[in-house]
Amino acid sequence: MELVIDRLSKQYGAKIAVDRISVKLNKGVYGLLGANGAGKSTLMRMICGILKPTGGTVTFDGIDSDKEAFRAILGYLPQDFGYYPEFSAKDFLLYIAALKAIPKKEAKKRVAELLELVGLSDVATKKIKTFSGGMKQRLGIAQALLNRPKLLVLDEPTAGLDPKERVRFRNLLGSIGKDCIVILSTHIVSDVEHLSDEVMIMKDGSFIFQGKWNDSEMSLEDFYLSQFEEDEAHE
Amino acid sequence: MLDLQEQYDKIYRYCYFKLYNQELAEDITQETFLKYLEHYEFTSSETTLKYLYTIARNLCIDEYRKQKPVSTEDIAEMPHEDNIIDNLSIKAAISKLSEEDRELLLLRYANDVGIGAMAAIYNISRFAVRRKILAARKRLEEELRKEDAYE
Amino acid sequence: MNNLDHRIKEYFKAPESKRKEEFINSLAPSEISFARFVISQAGYIRKLTWILFSLVIVGIAAVPFILDSSVIWFVSGLMPLLALLMVSESNRSIRYKMAEIESATRFSLRSVLLARMVLMGTVNLVAIVIAIPVSTHFGDYSAVASGLYIVTPFLVAASAGLYIVRVMKGNTALYSVAAVSLFISLFMFLSRDRFTSIFIKDAVKYWGLIALLALVAMVKQTAMLIKNTEEITWNW
């Protein structure tokens, strides 16, 4: 199980959002850390195959990211998402399940399982418009897991989660990360420390660090902040 | 699909009684099926059984190389579904048998593998299979007599 | 002997496997076909759309009995409304910010749009097929002329609408489409007398040409909408 990102780039006119990123990922949880605007979402969208790169490739066990077979093993939670107005939590998941080509019977079972997993079973038939931010986020995580993805890409998954929900999420990630590749992006350093095995720090479109962070010399937090100070010093 | 469920159980059982580790046995079972399905269709034919057991056996052997071998005492101590009290003596008896004998008995009596399929798996004649099974049974009976003699 | 067989079998009982169900599910080629998917999408088309559509059909069928003449202009004036419904349905993914999640699924946003267009297109075709004989029967024009006068406003409104939702962003896009549709509807309603005077052979030719161009435009816009899902989602 390997995700290979090879010289991936995205350029909008003169602006380079993602600059020739290359990395190979295997099973585990990877934290993508970077400020807002560092290019994280752009990178994640390209990894998911929903945004066409201007250069480079993304392959999962040899399957290219623009293929249907790639999307079949993919689970994605975007930074911001909506819902069709009259949908209940269950409706929403069943709708996405159909898009993930899951047959109805299996979908019903899977939806029930996932609602249980994210703690939304008792509000399954309630309309999403009544949900809190944290509940909606949990629903988003649930939809990403519908097709038992081998590659799970989560863009700012902890945003809007209260402490209890964060703990639940951490436990969930722990069990999922054993059997698939999880990439989660965040701008919160403690999230990366608690949730991921390895970290990739992104700045101005490229990785300034990737691997296991060794705390002995400097804490991740300090290093990350120092990067910003550098920016301020330059201005 | 029912066949697949049943066959999963059987291969799992086969692997468990080689590795004596539930998780590992299940991992190897799944790997066996994945490897098989990479190139072949799942059918109820002897060939399918031959390939499945061969793949499973080879994967188990690879695992052996990674771990230290399981001793006779370990086998006798292994967590077990103990339903009948007189299983104690059979436990002891079977643990004294050779690996090959245990495998034969498992395939024949626990997994209900047909003589034809077993001949395919071992690449010997049906006659040789029957002979081997009888011999293993005889050795088991001998061990049982010894066990019972202690009581 | 039997007893021994049984005891051996009992001995070889392994602890329960834990991940069998999950594994076997992952193997089974359990997928729905594209056709099934399109049908399932039918259930997600808004009730409102079905209601309005039904009202249009009822309108087409009832109008001959309400107005004594000029049925066709009324019917052709309703066609842009059907086009609006179609464009509106196809636009929902973007309006409700579902596009990104939908894009990352196996069938993808592309298929959702395609499914919706196919469903709405078929349904509209039914409406047109009903509308033409009704108008011809109660009107003074040939079937060809009637057909053109009904289909053209639909095609023009649809192609314009699809183009607009592709290039304009946000909710204003749909309001613009509504405005365009309304304009075309009114144009058809109000110019009825003027058009009767231009009802010579040549007029049919011109209408035919416009209809053909609009058809090509509509097909092209639909194709571009489906192909360039990226374009419509994140160039905000």
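None of the values given here were measured: they were computed from a predicted structure. Every chain is numbered from 1, with letters handed out A, B, ... down the list of sequences.
- Contact residues of residues 40-48 of chain C toward chain A are C:Ser40, C:Gln41, C:Tyr44 (heavy-atom distance under 4.5 Å).
- Within the 4.5 Å cutoff, no side-chain heavy atoms of C:Thr105 are placed close to those of A:Tyr76.
- For a heavy-atom cut-off of 4.5 Å, chain C lies close to A:Gln143, A:Arg148 in residues 142-159 of chain A.
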Evaluation steps, side chain to side chain contact (heavy atoms under 4.5 Å, CB included), between C:Glu100 and A:Phe81: CA-CA 7 Å; C:Glu100 212 173 337; A:Phe81 67 94; over 6 Å; no
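- Applying the 6.0 Å contact sphere to CZ of C:Phe34 captures more than 12 heavy atoms from other residues, nucleotides or ligands.
- Looking at C:Arg106, its side chain never comes within 3.5 Å of a backbone N or O of A:Lys100 through a donor-acceptor pair.
- Of the two parts of A:Phe70, neither the backbone nor the side chain holds a non-hydrogen atom closer than 4.5 Å to a non-hydrogen atom of chain C.
- For the set A:Lys105, A:Lys67, A:Glu68, the entry with the most heavy-atom pairs within less than 4.5 Å of chain C is A:Glu68.
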Can I get a per-line list of side-chain donor-acceptor pairs under 3.5 Å for residues 18-29 of chain A, giving both atom names and the distance, sequence neighbours left out?
from    : atom 1 : to     : atom 2 : distance (Å)
A:Ser22 : OG     : A:Arg7 : N      : 2.8
A:Asn26 : ND2    : A:Met1 : O      : 3.1

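- Counting only heavy atoms from C-beta outward, the side chains of C:Met98 and A:Phe92 approach each other to under 4.5 Å.
- Surrounding NZ of C:Lys20 are more than 12 heavy atoms belonging to other residues, nucleotides or ligands, all under 6.0 Å away.
- The number of heavy-atom neighbours closer than 6.0 Å to NZ of A:Lys108, taken from other residues, nucleotides and ligands shown, is 12 or below.
- Neither the backbone nor the side chain of C:Ser111 comes within contact range of chain A, judged by heavy atoms closer than 4.5 Å.
- Qualifying salt bridge (Lys or Arg N to Asp or Glu O under 4.0 Å) partners for C:Lys9, counting only residues two or more places apart in sequence or in other chains: B:Asp112.
- Taking 4.5 Å as the limit, every side-chain heavy atom of C:Lys97 sits out of range of all side-chain heavy atoms of A:Tyr84.
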CA sep, side-chain torsions, deciding dist, call: A:Ile102, C:Ile32, side chain to side chain contact (heavy atoms under 4.5 Å, CB included): CA-CA 6 Å; A:Ile102 303 172; C:Ile32 57 179; over 6 Å; no
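- Two residues are said to be in side-chain contact when any heavy atoms from C-beta on lie closer than 4.5 Å; C:Ile101 and A:Tyr83 fail this criterion.
- The two residues A:Pro85 and C:Arg92 come nearest to each other via the heavy atoms CD-NH2, 3.7 Å.
- Other residues, nucleotides and ligands contribute only 12 or fewer heavy atoms inside 6.0 Å of the CD atom of A:Glu116.
- Contact record, A:Ala98 with C:Phe107: O-CD1, 3.5 Å, taken as the closest heavy-atom pair.
- Heavy atoms only, all atoms of each residue included: A:Arg71 and C:Ser108 are closest at NE-CB, 3.7 Å.
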